[in-house]
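A quick write-up on the structure given underneath.
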Amino acid sequence: WGWRLLKNGEEISNFFDTMPIIESENKKHITISLPDKINLKELQNNGEETFLNIVVQLNKATHSCKKGHTIAEKQINLTKSRNLDPVSIDNTDTLTLTKYNDKIKVKNKYIHTEFDTTTGVMTTLRINGMDIIYGNRGFEYSNYRWIENDANIEISSGIDSIGKCNASMINTGCVVVKTTRGGKLCTTNINYTIYPNGIVDIDATFFPQTPNLRRVGLECAINAGLKYIQYYAYGPWENHSDRLDGCAVEVFNTTAHKMVVPYCKPQSTGNREGLRKVLFRNIHAKGIKIETEGNVSFSALPYTDNDLQKA
């Protein structure tokens, strides 16, 4: 048995020892002492999130399991994280805001973004010369999922073909782009604050138009080369809000293809609850980082839900 102490998803200390013999229907109290260098009060004041993972593992192989196989694990939250820190504004390279025809363009040497003013969709996101969004398919409302035993599948997201989009430069040197997209199922307001240093803050608000929504979220297509994924959330396997047993909040590494669960009938898959942070990187370890606040889940797949429904 033993324990692992995690700070912001990364292990900072551990302890393992032989489990004392406990006869059937008996119990034994074990005191866990953290190293003196671990100051939980200081960690909490600094907004560091810490977890204690207690594990019980086999100390020798059996006919069905290898030595070291985990047979029980419990995760305890010791300190909680705080909200994201405010973005520091660096005006070393001024943003330019251009409006023409049905486009809005915001750019400098770090970032290049474009919006379709007809739909309000971000069609281009280029950071430090790397294209992030693929095929003009930026963040757009979606509630669709395909689960084989679901009845009355609603394939359409019900969004209006026309939205609203306007942009303005504010006195901090940032550009704020406000978009609204109506729909029969849900209306979405997505506000983008674009900073001169290349950071984009996205604030999405959802207004359900029906009591029967199963989920709300945003969907986008990103550069397929950004297939190496590091995430800080529940893992390491697929989980849902009502199916978190056996999962822990930790930093995990995977790829878009490995997030696909090979169900007999292809369907929506790969969900991870409790997302704090996710990085998408290419083979050269270049890419983007997304940090979140609130109750957020995500999946990153080489297919859309619609693709899986048709498979």
Side-chain angles (χ1 to χ4, degrees), residues 4 6-11 47-51 53 73 75-87 122 125 127 132-133 137-145 147 186 188-193 199-206 213-223 226-261 268-282 285 287-305 308:
R4 299 167 58 236
L6 308 179
K7 182 177 79 171
N8 299 328
E10 304 276 5
E11 183 178 301
E48 311 281 7
E49 185 174 45
T50 59
F51 289 94
N53 289 13
E73 183 169 5
Q75 185 173 64
I76 302 170
N77 182 214
L78 300 180
T79 64
K80 298 185 181 299
S81 63
R82 62 187 176 206
N83 290 338
L84 296 176
D85 293 330
V87 178
M122 176 190 280
L125 176 59
I127 299 177
I132 305 301
I133 287 177
R137 295 170 57 192
F139 298 100
E140 205 168 30
Y141 167 78
S142 175
N143 64 270
Y144 175 59
R145 69 174 184 175
I147 304 296
C186 187
T188 311
N189 289 352
I190 308 177
N191 296 333
Y192 304 82
T193 303
I199 292 176
V200 181
D201 182 89
I202 301 176
D203 183 10
T205 307
F206 303 92
L213 283 181
R214 291 171 294 179
R215 69 175 184 178
V216 297
L218 301 176
E219 182 180 64
C220 74
I222 67 172
N223 183 337
L226 302 174
K227 62 182 178 180
Y228 299 99
I229 303 167
Q230 182 182 84
Y231 65 92
Y232 180 22
Y234 281 98
W237 35 73
E238 179 185 76
N239 52 78
H240 298 274
S241 59
D242 59 345
R243 300 198 178 172
L244 295 176
D245 288 349
C247 296
V249 178
E250 198 167 334
V251 172
F252 299 100
N253 291 282
T254 187
T255 67
H257 282 86
K258 288 180 180 179
M259 289 192 76
V260 178
V261 179
S268 296
T269 180
N271 189 71
R272 301 295 194 274
E273 291 288 327
L275 179 66
R276 278 82 164 157
K277 177 175 64 177
V278 59
L279 290 83
F280 297 95
R281 292 181 282 207
N282 61 18
I288 61 167
K289 176 173 69 174
I290 299 173
E291 296 178 300
T292 70
E293 286 184 351
N295 185 16
V296 180
S297 63
F298 91 107
S299 62
L301 308 172
Y303 321 102
T304 66
D305 282 356
L308 296 170

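For this chain, numbers begin at 1 and follow the sequence in order.
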Q. Is it true that a side-chain atom of Tyr141 and a backbone atom of Thr188 form a donor plus acceptor pair closer than 3.5 Å?
A. no
Q: Among Lys80, Lys277, Arg276, Lys7, find the residue that satisfies the salt bridge (Lys or Arg N to Asp or Glu O under 4.0 Å) test when tested with Glu49.
A: Arg276
Q. Closest approach of Val278 and Ile229, non-hydrogen atoms and distance?
A. CG2-CG2, 3.7 Å
Q. Short question: side chain of Asn239, backbone of Glu273 - any donor-acceptor pair under 3.5 Å?
A. yes
Q: Keeping the roles fixed (side chain from Asn143, backbone from Arg215), state whether a donor-acceptor pair exists under 3.5 Å.
A: no
Q. Is any side-chain heavy atom of Leu218 closer than 4.5 Å to a side-chain heavy atom of Phe206?
A. yes
Q: Would you name the heavy atoms of Leu84 and Glu291 that are closest together and state the gap between them?
A: CD2-CB, 3.9 Å
Q | Pair Thr304-Arg137, side chain to side chain contact (heavy atoms under 4.5 Å, CB included): steps then yes or no | A | CA-CA 12 Å; Thr304 66; Arg137 295 170 57 192; 3.8 Å; yes
Q: Return the minimal non-hydrogen interatomic distance between Gly270 and Ser299, and the atom names on each side.
A: O-CB, 3.6 Å
Q. With a cut-off of 6.0 Å (strictly less than), are more than 12 heavy atoms of other residues, nucleotides or ligands near CZ of Arg281?
A. yes
Q) Ignoring hydrogens and geometry, is there a side-chain-to-backbone donor-acceptor pair from Thr50 to Thr79 under 3.5 Å? A) yes
Q: For the pair His257 and Lys227, evaluate side chain to side chain contact (heavy atoms under 4.5 Å, CB included) and give the outcome as yes or no after the intermediate values.
A: CA-CA 8 Å; His257 282 86; Lys227 62 182 178 180; 5.5 Å; no
Q | Side-chain heavy-atom pair Leu213, Cys186 within 4.5 angstrom cut-off | A | yes
Q) Just wondering, more than 12 heavy atoms not from Phe139 lying within 6.0 Å of its CZ? A) no
Q: Could you tell me the separation between the OH atom of Tyr228 and the NZ atom of Lys258, rounded to the nearest 0.5 Å?
A: 9.0 Å
Q) Is the shortest heavy-atom distance from the side chain of Asn223 to the side chain of Phe280 under 4.5 Å? A) no
Q | 4.5 Å side-chain heavy-atom contact, Ile76 and Leu78 | A | yes
Q: Can you see which heavy atom on Asn53 is nearest to which on Ala248, and at what distance?
A: ND2-CB, 4.2 Å
Q.
Does Asp242 have more than 12 heavy atoms from other residues, nucleotides or ligands lying within 6.0 Å of its CG?
A. yes
Q) With no hydrogens and no angle check, do the side chains of Asn77 and Gln75 hold a donor and an acceptor under 3.5 Å apart? A) no
Q) Closest heavy-atom contact between Glu250 and Gly9? A) CG-O, 3.4 Å
Q.
Treating Thr269 as the side-chain partner and Val261 as the backbone partner, does any N or O pair qualify as donor plus acceptor under 3.5 Å?
A. yes
Q: To the nearest 0.5 Å, tell me how far Thr205 OG1 sits from Asn191 CG.
A: 7.0 Å
Q.
Strictly distance-based, threshold 3.5 Å: is any side-chain N or O of Arg272 a donor or acceptor partner for the main-chain N or O of Pro236?
A. yes
Q. Do Ile199 and Asp201 have side-chain heavy atoms sitting under 4.5 Å apart?
A. no
Q | Glu219 vs Glu140 side-chain heavy atoms within contact, under 4.5 Å | A | no
Q) Hey, what do you get for CZ (Arg82) to CD (Glu293), rounding to the nearest 0.5 Å? A) 11.5 Å
Q. Taking all non-hydrogen atoms of both residues, which atom of Pro302 and which atom of Ala256 are closest, and how far apart?
A. CD-O, 3.4 Å
Q. Counting only N and O atoms by type, is there a donor-acceptor contact under 3.5 Å from the side chain of Thr292 to the main-chain atoms of Leu275?
A. yes
Q.
Distance check, rounded to the nearest 0.5 Å: Asp203 atom CG versus Thr193 atom OG1?
A. 8.0 Å
Q: To the nearest 0.5 Å, tell me how far Ile290 CD1 sits from Ile132 CD1.
A: 9.0 Å
Q) Regarding Asn271 and Glu238, is there a side-chain donor-to-acceptor distance under 3.5 Å anywhere? A) no
